[in-house]
Amino acid sequence: MAPNYSFVLLFLEILNNCLLVLSSPDLSVSSESLEQVPPSPVITLKMPTEFNFKQAKLKAEAFYKTLPETALTEATMLVSELINVHGYPCETHKVTTSDGYILTMHRIPYGQNKKENREVVYLQHGLLSSSADWIISGPEKGFGYILADAGYDVWMPNVRGNRYSRSHTILDRDDDEFWDFSWQEIGRFDVTAMIDYVLKETKQEKLFYIGHSQGTTVFYAMCSEKPEYNEKIRAHFSLAPLAYASHITSPLLNIIAAGASEWEIFLNMVGIKEFLPNTGFLGKVGNILCKEKSVMEVLCTNALFAIAGFDHQQMNETLLPIIMGHTPAGCSVKQLLHYGQLINSGKFQAWNYGTSGNEKFYNNTLPPTYLLSKVTSPVYLYYSKNDWVSAETDVLKLAGELSNVQEKILVKDGQFNHVDYLFGIDAREYVYDDVIIRMKKH
Ligand SMILES: *[C@@H]1O[C@H](CO)[C@@H](O)[C@H](O)[C@H]1NC(C)=O
Ligand SMILES: *[C@@H]1O[C@H](CO)[C@@H](O)[C@H](O)[C@H]1NC(C)=O
């Protein structure tokens, strides 16, 4: 079959502009002490015709001037600083995986409710994200704070490759080998190591696992590959579950899926890298996303929203600078490609190396599929109709194969989308309060 060279060309274009990364407006440059990603927001001089980044940036800056000062300072803070500034305690823990990645976990040990023997909650962020996801909306609306105030001991991991987990005992992060991982390694090495660390540290036997998006993918992969981890889970709450992916409507993920084999040829040529989308690339997606002229346009310059879309009604504009300052937090190209493979195959399976590679790694022409019946921990699935990534059909298929589904909960708001689970104005009302009520049953 002849490869579709347009994707190779798109890739060459990305390579060409590799250093011209636009991640966020200048206002959101983070502190020097941080292992920062991307290095610094630079705006390409070659403006893409599809989407006017310069205009979006100017609009955002003008809009930011109308916001309270705190909204801007919080954009540049680290997670621990952000938590402290709101009067909550924060601990930072380092965990080294068996394959050498050094990961950072943030912990809010308690909130307003300091009861004894607090149960542990493990809050796993998704693709391109970090522990910041759970606190960006502040104490009233951020799930991390809400859980702490409800009397839980809250642990917020950061997986390999994101801005807080970019070190390795041997590898340098400029090595291709550092980026040679997908979410299957995150589930296998990172999540297992962090769960074990948390249980040891807190002297507990079980924890609540709450995940968003990829944070649920890694849970399902882990529990099917290492079923003994089911025993460590009190209950799992999947916010926007993602295992089967063939009904994803995200334009960016579908573009990636359509060119998946060409992307891989390209990867073999240039090596495996961090995913750093440039303006040319995002411009192609931005014109699909951002037909409307509003300050929300600035979100079209952000890879997370290019993947997941956004929802005007649930988006709190005051949070824009903070969101832009903390996401995207970094991931490998391979993580995205692996989702592309799931879209194409319709299966929930390990990384596909191609026929000969699969024979070498799996002793089979096909990669193994994850057996979801081995996921025996109690699972609650929260999904919504307007989710570009976590499609209802795919969620229901997943639910049909898991061994211990407690409930499937369709979010009441028909417009609720993939990132609203994190930053949505009504996320607390639609999702978080509901999760806490159900946690009390376990
Ligand atoms: C590979 O698969 C074949 C056929 O299923 C089997 O006979 C053989 O023992 C396998 N080899 C290894 C090393 O697992
Ligand atoms: C928007 O976010 C700001 C900053 O966290 C908060 O003060 C405000 O109450 C939020 N607005 C809504 C409608 O949630």
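Counting starts at 1 for both ligands and their atoms, in listed order. Quick caveat, the model's predicted, so the values are computed rather than measured.
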So, 4.0 Å and heavy atoms of Lys141: is ligand 2 close enough to count as a contact? yes

Between ligand 1 and the protein, tabulate every N or O atom pair separated by less than 3.5 Å, reporting distance only.
| from | atom 1 | to | atom 2 | distance (Å) |
| --- | --- | --- | --- | --- |
| ligand 1 | 2 (O) | Asn363 | OD1 | 3.4 |
| ligand 1 | 2 (O) | Asn363 | ND2 | 2.4 |
| ligand 1 | 11 (N) | Asn363 | ND2 | 2.7 |
| ligand 1 | 14 (O) | Asn363 | ND2 | 3.2 |

Does the gap between the ring centers of Tyr430 and Phe416 come in under 6.0 Å? yes

Classify the ring geometry between His212 and Tyr421 as parallel (under 30°), tilted (30 to 60°) or perpendicular (over 60°). tilted

Distance alone, cut at 3.5 Å: any donor-acceptor contact between the side chains of Asn352 and Tyr362? no

When the ring centroid of Phe219 is compared with that of Tyr229, is the distance short of 6.0 Å? no

Pair Tyr101 and Phe189, ring centroids less than 6.0 Å apart: no

Does the side chain of His93 come under 3.5 Å of the side chain of Tyr197 through a donor N or O and an acceptor N or O? yes

